[in-house]
Amino acid sequence: TIRRISRSCCAIPAPLSTAGGAMADAISPRVYTLDVLPQLTIAAATCSASIIQFTIPQIIKLSQTSAVKLPSANFQTSMLIMGRSIGPQTGITCVQFALVRELRDVLDTVLGPSPVNQAVAYGAASVPLIAGKYNLLFADVYTHFRVATPEVPGETRAQFWMRQWQTKIRPGLVWSYLRDTGSIGGAVVLGPLVAAQARDFMEPGGDLRQPPSRGLQFCAGLLTGCGTGLATQLFHNAAMTGGRMAGLGEQPSNMACMRQLFDE
């Protein structure tokens, strides 16, 4: 979904096309972020709902090795947490997707069009937003179960924002960047390569100026994303551990998150 709304005309990147295909991709009109804002919002809401639903059990499972163990969440509990989290998560994801598009266009202008720019843009623009999303979701889950870091009385606005940075963004920040650049960013780069190779295998001698079918692109992207997601799962778990530690009032460094993960 991210790749579909972020590419200009859903064309194969130039390295996978013939000279004619590359020229067509290069001269295709740019689609501005505001032009696809409705699609971007729908994608952000769908992705956010999925992330919330699948992350809640992970947060609860991670808590079982900590000093504060959370109870299991039934469907009703998950929906209550969903209602608390879906608005902020969707808003942040909209900003994230928009920044990815804009930064990709900047990299294409400065460095020249390349599928790698999409991966770099995704990692750079998404962090610290993704770290913030996961840590906010941790806070929402712990708040629902009435386990929350106590408020600090009398703090200034500057102290408040510094605390937000320390507790909701910084924990596991490096691991969040490596996870998303390698996972989604890697799939964005490798997915078209896999689709093109599969098309050449299934349709030898076909017209290389035509992109693979939508179905083939979807299957290639799904399989590639599964592979890159599995390959970066360690970074994901380290970032999740950092969010859990922050939810319990700690301020772990990136290395402390990884050490705690291996200790557990």
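Counting begins at 1 with the first residue of the sequence. Quantities reported herein were computed from a predicted structural model and do not represent experimental measurements.
Closest heavy-atom contact between Ile56 and Ala73: CG2-CB, 4.1 Å. Nearest approach of Gly186 to Thr228, heavy atoms of both residues: C-CG2, 4.1 Å. The two residues Ala187 and Gly225 have their closest heavy-atom pair at CB-CA, 3.7 Å. Nearest heavy atom pair, residue Arg179 against residue Gly229, reads NH1-O, 2.8 Å. Between Pro212 and Arg199, the shortest heavy-atom contact is N-NH1, 3.8 Å. Nearest approach of Ile86 to Ala45, heavy atoms of both residues: CD1-O, 4.1 Å.
Val120 has its side chain out of reach of Thr181: every pair of non-hydrogen atoms, C-beta onward, lies at least 4.5 Å apart. Side-chain atoms of Phe97 and Leu37, non-hydrogen and from C-beta on, never get closer than 4.5 Å to each other. For the pair Thr232 and Leu178, the minimum side-chain heavy-atom distance is 4.5 Å or more.
Side-chain contact annotation: Ser114 with Asn117, donor-acceptor N/O pair under 3.5 Å absent. In this structure, a donor-acceptor pair under 3.5 Å is present between the side chains of Ser85 and Asp140.
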Does the side chain to side chain contact (heavy atoms under 4.5 Å, CB included) test come out yes or no for Ile51 and Tyr134, once each step is laid out? CA-CA 9 Å; Ile51 288 173; Tyr134 274 115; 4.3 Å; yes

Met258 and Leu261: CA distance, side-chain angles, deciding distance, side chain to side chain contact (heavy atoms under 4.5 Å, CB included) verdict: CA-CA 5 Å; Met258 186 64 76; Leu261 176 65; 4.1 Å; yes

Could you please spell out the steps behind the side chain to side chain contact (heavy atoms under 4.5 Å, CB included) verdict for Met255 and Val174? CA-CA 9 Å; Met255 290 309 300; Val174 170; over 6 Å; no

Going through the checks in order, is the side chain to side chain contact (heavy atoms under 4.5 Å, CB included) test met by Tyr142 and Leu70? CA-CA 8 Å; Tyr142 276 82; Leu70 299 177; 3.9 Å; yes

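Atom CE of Met162 sits in a sparse spot, with 12 or fewer heavy atoms from other residues, nucleotides or ligands closer than 6.0 Å.
Atom CG of Leu190 is separated from atom CD of Gln197 by 11.5 Å, given to the nearest 0.5 angstrom. Atom OG of residue Ser176 and atom NZ of residue Lys133 lie 10.5 Å apart, to the nearest 0.5 angstrom. Annotation: the span from Gln217 atom CD to Leu222 atom CG amounts to 13.5 Å, rounded to 0.5 Å. To the nearest 0.5 Å, atoms CD1 (Ile81) and NE2 (His144) are separated by 5.0 Å. Atom CD1 of residue Ile52 and atom OG1 of residue Thr90 lie 6.5 Å apart, to the nearest 0.5 angstrom. Remark: Cys47 SG to Leu40 CG distance equals 9.5 Å, nearest 0.5 Å.
Linking Ile, Leu, Val, Met, Phe, Trp and Tyr residues whenever their side-chain heavy atoms come within less than 4.5 Å leaves Leu107 and Leu99 in two separate clusters. Criterion: ILVMFWY side-chain heavy atoms under 4.5 Å apart, direct or through other members. Under it, Phe201 and Leu193 are not part of a common hydrophobic cluster. Using a 4.5 Å cut-off between side-chain heavy atoms of Ile, Leu, Val, Met, Phe, Trp and Tyr, with links allowed through other members, Leu80 and Phe75 fall into different hydrophobic clusters. No single ILVMFWY cluster, assembled from side-chain heavy atoms under 4.5 Å apart, contains both Ile184 and Phe54. Linking Ile, Leu, Val, Met, Phe, Trp and Tyr residues whenever their side-chain heavy atoms come within less than 4.5 Å places Phe145 and Leu137 in a single cluster.
The main-chain N or O of Tyr32 is found under 3.5 Å from a side-chain atom of Asp35 such that the two form a donor-acceptor pair. Without hydrogens or angle criteria, Arg170 side chain to Gln251 main chain gives a donor-acceptor distance under 3.5 Å. No donor-acceptor pair closer than 3.5 Å links the side chain of Thr143 to the backbone N or O of Arg146. Checked by atom type and distance alone, the side chain of Ser48 pairs as donor or acceptor with a backbone atom of Gln89 at under 3.5 Å.
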Less than 3.5 Å apart, which donor and acceptor atoms pair up between the side chains of residues 233-246 and the rest of the protein, not counting sequence neighbours?
from: Gln233; atom 1: NE2; to: Asn237; atom 2: OD1; distance (Å): 3.2
from: His236; atom 1: NE2; to: Gln58; atom 2: OE1; distance (Å): 3.0
from: Thr241; atom 1: OG1; to: Asn237; atom 2: O; distance (Å): 2.8
from: Arg244; atom 1: NH1; to: Leu62; atom 2: O; distance (Å): 3.0
from: Arg244; atom 1: NH1; to: Thr65; atom 2: OG1; distance (Å): 3.4
from: Arg244; atom 1: NH1; to: Glu264; atom 2: OE1; distance (Å): 3.2
from: Arg244; atom 1: NH1; to: Glu264; atom 2: OE2; distance (Å): 3.2
from: Arg244; atom 1: NH2; to: Glu264; atom 2: OE2; distance (Å): 2.7

